Amino acid sequence: MRYFLELSYKGTAYHGWQKQENAVSVQGTVENALAKILREEIGITGAGRTDTGVHASYYVAHFDASNFDPRGAEEYGTFVYHLNSVLPPDIAAHSLTRVSDQAHARFDAVMREYRYRIIFHKDIFSRDTAWLLRGGLDTEAMNAAAAKVMEYDDFTTFCKLHSDNKTNICRVDHAVWEQKDEELTFTIRSDRFLRNMVRSLTGTLGDVGRGKMSVEGFGNALAAKDLRMAGNTAPAAGLFLSDIRYPDSVFIRKYN
């Protein structure tokens, strides 16, 4: 039987989502916790990869289990409670849902959203979860440049080299900077993202905000399909995977 698991995690202590040898990953940590609860070896498939130090305020993964068949909401809730008691403090399980055996956390996702946090003054409580930038930023120029992101679908300029992507085509339908008090947040939504794409876009848009690149120059970089045209890459700490959506026939988000 297949289940979708809603999670969140702080990625500071992990070498990304994906399990790897000789490194602590979110995937491996969750699999070990599930194995303890279910008393069988569990392989879990995530909605996508996050890099070292990147967080997820919302994440979805699926797994198959043969020794678990809950009969009601109370049993699902009990399972999540026990799973959280085994997981470390920086990973939290929020819900478990029985889904079709063909449902896939990665391939069935139709939208993903990332958010990036920038702060302007030293905040010890945001040290691992935001990018500290000194001085002001021209947010109007940054939004003008961000609007150009939705005019293109080939993001080769902002893709990490040798990522083995079958295509660099992404359909972005939202890219906006919003400032509230002393925090600036970039929200971007697309059907898919390339490795390092959001951090590269964010860092380059930051260059626009600091006057190091013009809005026109940013558009030229997008059109060039040339990695050398990208600006600085934003640090991992400020990046959060914040939403993943599926067709209602596959899965409806439960945790908000």
Side-chain angles (χ1 to χ4, degrees), residues 11 15-18 46-56 106-107 109-118 130-179 184-245:
H15 290 261
W17 162 264
Q18 189 172 11
R49 302 177 183 178
T50 54
D51 291 335
T52 299
V54 174
H55 320 290
R106 179 183 175 190
F107 297 138
V110 294
M111 186 280 290
R112 294 169 174 85
E113 176 188 272
Y114 278 91
R115 292 186 178 179
Y116 196 98
R117 296 179 61 223
I118 291 176
W131 182 14
L132 173 61
L133 275 179
R134 305 289 188 181
L137 292 173
D138 184 346
T139 55
E140 185 175 341
M142 292 167 73
N143 266 323
K148 291 184 176 294
V149 172
M150 292 175 283
E151 298 175 8
Y152 295 84
D153 59 9
D154 189 321
F155 289 89
T156 300
T157 298
F158 300 98
C159 172
K160 192 166 187 176
L161 202 61
H162 307 308
S163 294
D164 298 324
N165 299 308
K166 293 182 179 179
T167 174
N168 290 337
I169 301 298
C170 304
R171 294 173 177 84
V172 177
D173 62 14
H174 183 89
V176 175
W177 288 94
E178 296 177 288
Q179 184 157 358
L184 184 63
T185 303
F186 180 50
T187 303
I188 183 168
R189 301 187 193 111
S190 179
D191 62 336
R192 63 191 291 266
F193 288 94
L194 308 174
R195 187 178 180 188
N196 207 53
M197 173 178 162
V198 181
R199 289 174 57 198
S200 182
L201 280 169
T202 302
T204 307
L205 288 167
D207 287 345
V208 173
R210 288 178 286 186
K212 296 182 177 181
M213 179 182 287
S214 67
V215 174
E216 182 182 8
F218 181 82
N220 292 339
L222 275 164
K225 303 176 187 178
D226 184 346
L227 183 62
R228 294 171 296 180
M229 296 286 286
N232 291 312
T233 297
L239 184 58
F240 291 75
L241 177 57
S242 52
D243 198 5
I244 306 162
R245 295 288 174 165

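For this chain, numbers begin at 1 and follow the sequence in order. Model, not experiment: these values are computed from the prediction.
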Handout entry: Closest non-hydrogen atom pair between V54 and L239, with its separation
Key = CG1-O, 3.5 Å

Fill in the blank from the handout: dist S200:OG -> F155:CZ (nearest 0.5 Å) comes out at 11.0 Å

Exercise for the section: Taking all non-hydrogen atoms of both residues into account, name the closest pair between C170 and L194 and its distance. Expected result: SG-CG, 3.7 Å

Practice task
Kindly compute the distance separating CE (M197) from OG1 (T156), expressed to the nearest 0.5 Å.
Solution key: 10.5 Å

Handout entry: Atom CD of Q179: over 12 foreign heavy atoms under 6.0 Å
Key = yes

Handout entry: I188 and F193, any side-chain heavy atoms less than 4.5 Å apart
Key = yes

Handout entry: Pairwise distance OG1(T233) to CZ(F158) - rounded to 0.5 angstrom
Key = 9.5 Å

Practice task
Would you please classify the geometry between the W177 ring and the F186 ring as parallel, tilted or perpendicular, with 30° and 60° separating the classes?
Solution key: parallel

Practice task
Answer yes or no: is there a side-chain heavy-atom contact under 4.5 Å between L133 and R210?
Solution key: yes

Practice task
For R171 and D191, work out which heavy atoms get closest and say how close.
Solution key: N-OD1, 2.8 Å

Problem - Whether H15 side chain and T52 backbone form a donor-acceptor pair below 3.5 Å - result: no

Practice task
Measure the shortest side-chain to side-chain distance between T157 and L222 over non-hydrogen atoms and say whether it is less than 4.5 angstrom.
Solution key: no

Handout entry: Of all pairs that satisfy salt bridge (charged side-chain N to carboxylate O under 4.0 Å, His left out), the ones with a partner from residues 214-225, not counting sequence neighbours
Key = D154-K225

Exercise for the section: Calculate, to the nearest 0.5 Å, the distance between atoms CH2 and CG belonging to W17 and D51 respectively. Expected result: 14.0 Å

Handout entry: Min side-chain heavy-atom separation L184-W131 under 4.5 Å
Key = no

Exercise for the section: Verify side-chain contact (heavy atoms from CB on, under 4.5 Å) between T50 and F240, making sure each step is shown before the conclusion. Expected result: CA-CA 9 Å; T50 54; F240 291 75; over 6 Å; no

Problem - Donor on one side chain, acceptor on other, T185 and E178, under 3.5 Å - result: no

Completion exercise
Correct closest heavy-atom pair for D207 and G231 would be OD2-CA, 3.4 Å

Exercise for the section: State, to 0.1 Å, how close S214 and V208 come at their nearest heavy-atom pair, and which atoms those are. Expected result: O-CG2, 4.1 Å

Practice task
Would you check if the side chain of R112 reaches a backbone N or O of A47 as a donor-acceptor pair within less than 3.5 Å?
Solution key: yes

Fill in the blank from the handout: Contacts of R134 meeting salt bridge (Lys or Arg N to Asp or Glu O under 4.0 Å) (sequence neighbours excluded), chain-then-number -> none

Handout entry: Shortest non-hydrogen separation from L205 to M142 and the atoms involved
Key = O-CG, 3.4 Å

Exercise for the section: Measure the CZ-CE distance between R192 and M111 for me, rounded to the nearest 0.5 Å. Expected result: 16.0 Å

Problem - CZ on R115 to OG1 on T187, rounded to 0.5 Å - result: 4.5 Å

